[in-house]
Amino acid sequence: RTGRHILTGNCPVERSRMMKILIVGGGGREHALAWKISKSPRVSRLYCAPGNGGIASLAQCVPLKAMDIEGITDFAKKEAIDLVVVAPDDPLAAGMVDALQNAGIRAFGPSKAAAEIEGSKVFSKNLMKKYGIPTAAYEVFDNAEEAVEYLRKCSYPAVVKADGLALGKGVIIANDFDEAAKAVHSMMDDKVFGDAGNRVVIEEFLTGTEVSVLAFTDGETLVPMISSQDHKRALDNDMGLNTGGMGTFSPSKLYTDEMNDWCMKNIFMPTIEAMNKEGRRFRGVLYFGLIITEDGPKVLEYNARFGDPETQVVLPHLKTDIIDIFEAIIDGKLSELNIEWENKSAVCVILASGGYPGKYRTGLEITGISEAEEDPSVIVFHAGTKLEAGKYYTAGGRVLGVTAVADSIDDARARAYAAVEKIKFDAMHYRRDIGIKK
Ligand code: AMP
Ligand code: GLY
């Protein structure tokens, strides 16, 4: 390991400095980030706040909440952290990267102003309209009565969205007027999502396959990562309630090189340029939630960060040192870096607690993780776990992301499910159809 931190021919970023790195967050995405970051020969120490049971084997977990901007800034100063990687949406939207940078600490992730592309649906929809980026037709309302009036003449299904961050629950697909009006009242009058529901977006329902494209960008150069597809519903065949994501595969078979070229020209670069024109240069990972309609790809949503569980199937393909990429983005030198990918496929199956996304139990013992990892193509990323006296216990709704990397989706899928068979905890629930879709 130590032999490698010498300047390599194609790498313009200085490799001489060993770095202390802090990851903010504690889910499956952060475990995948910790796994990838820990492979960098440039890392001398890795911390994660708050981390989880799995991350604990790669990083020192720090008992600070991901939203504790002051605590994390103080910790980074005290420990002389060289780079903080802010992974979740809420600290980004709250301005953690700005706060760290103001304190003289290097931080990876968009500024508060740039993160608004995820933090406010009104902002992102207006941005797309102003700059001609393809998305569903929509109207914005800050008044429940006017919203309901508009719903009377809508065609159904229609989509009602809370403006702000709502833990992934702020989007309601309404089949008729009554459902839509109920959604508007609960967001705008009952404030079920707090201030996130002060404004709502009502938009046209689009049909098509959803593809996630995460991209590295320094606000000038944009490099899309390998595409992936998420499975948002709790049950097989896309039945049941919406969740944070029940599994992913990568690459998407639908998302061809031609489509990527089209998206670069009509969606990705126009978005970067639009953000620059608005004085909100975006540096970090920009996630394009696309839907491939009969009229071509359109943007359903932007996220200002890595996706979860997309990261678990995308980072295993990345050949380039991720710290080199983060530094190039911070320094605005992404164009100088050649980012390389393995030509592999990956499948991630989420093991959830029975009841999720509703009520579920925690503190249940998990067995079989090391047996599952006996296949060298399998990595078990922890999402909601705790390590206590050498044993793992459940600590969240989504518990593990069992990931396999192989030469084909079918092989990766077979290996991931074979590994899943070895893992057990009470009331464990998972989908059996991850990776089957086109
Ligand atoms: P969002 O947070 O905007 O991505 O919405 C969450 C999920 O709701 C998406 O991943 C889609 O599955 C669904 N969705 C959102 N907007 C639409 C739309 N206009 N048409 C169809 N489905 C949508
Ligand atoms: N997998 C969807 C998200 O990260 O928002």
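Just follow the structure's listing: the first ligand is 1, and inside any ligand the first atom is 1.
Comparing heavy-atom distances from atom 9 (C) of ligand 1 across E210, K161, K298 singles out E210 as nearest. With atom 5 (O) of ligand 2 as the reference point, the heavy atom nearest to it among R305, H231, E301, E310 is part of R305. Distances from atom 5 (O) of ligand 1 to the heavy atoms of V160, V171, I202 put V171 nearest.
Counting atoms of ligand 2 from 1 in the listed order, those under 4.0 Å from a heavy atom of D230 are 1 (N), 2 (C). Listed by number with element, the atoms of ligand 1 under 4.0 Å from a non-hydrogen atom of L206 are 18 (C), 19 (N), 20 (N), 21 (C). Of all atoms in ligand 1, listed by their number and element, those nearer than 4.0 Å to a heavy atom of E203 are 16 (N), 17 (C), 18 (C), 19 (N). Within ligand 1, counting atoms from 1 as listed, the ones closer than 4.0 Å to a heavy atom of K121 are 1 (P), 2 (O), 3 (O). Annotation for ligand 2: atoms under 4.0 Å from non-hydrogen atoms of G307 are 4 (O). In summary, the atoms of ligand 1 found under 4.0 Å from a heavy atom of K232, numbered by their order in the structure, are 10 (O).
Ring centroids of H429 and Y360 are separated by 6.0 Å or more, keeping the two rings apart.
Closest to atom 17 (C) of ligand 1 among all protein heavy atoms lies L300 CD2, 3.4 Å. Distance from atom 2 (C) of ligand 2 to its nearest protein heavy atom, with residue and atom name: Y287 OH, 3.4 Å. Looking from atom 4 (O) of ligand 1 to the surrounding protein, the closest heavy atom is E301 CD, 2.8 Å.
The shortest distance between side-chain heavy atoms of K39 and I322 does not fall below 4.5 Å.
A cation-pi arrangement is not found for R415 relative to Y417, the charged atom failing to lie both closer than 6.0 Å to the ring centre and inside a 45° cone about the ring normal.
The backbone N or O of A406 sits nowhere less than 3.5 Å from a side-chain atom of D411 that would complete a donor-acceptor pair.
When every heavy atom of I69 is checked against every heavy atom of A99, the shortest pair comes out as CG2-CB, 3.5 Å.
At a 4.0 Å heavy-atom cut-off, ligand 2 touches N303 through the side chain alone. With a heavy-atom cut-off of 4.0 Å, I173 touches ligand 1 through its side chain alone.
Every N/O-N/O distance between N242 and ligand 1 stays at or above 3.5 Å.
Side-chain polar atoms of D375 and S377 form a donor-acceptor pair below 3.5 angstrom. Inspection of the E310 and Y287 side chains reveals an N or O donor paired with an N or O acceptor under 3.5 Å. If you check the side chains of R152 and Y150, you find no donor sitting under 3.5 Å from an acceptor.
The aromatic rings of F288 and F268 sit tilted relative to each other, their planes meeting at an angle between 30° and 60°.
Shown are Q229, K344, H317, Q312; of these, the side chain to side chain donor-acceptor pair (under 3.5 Å) with S250 is made only by H317.
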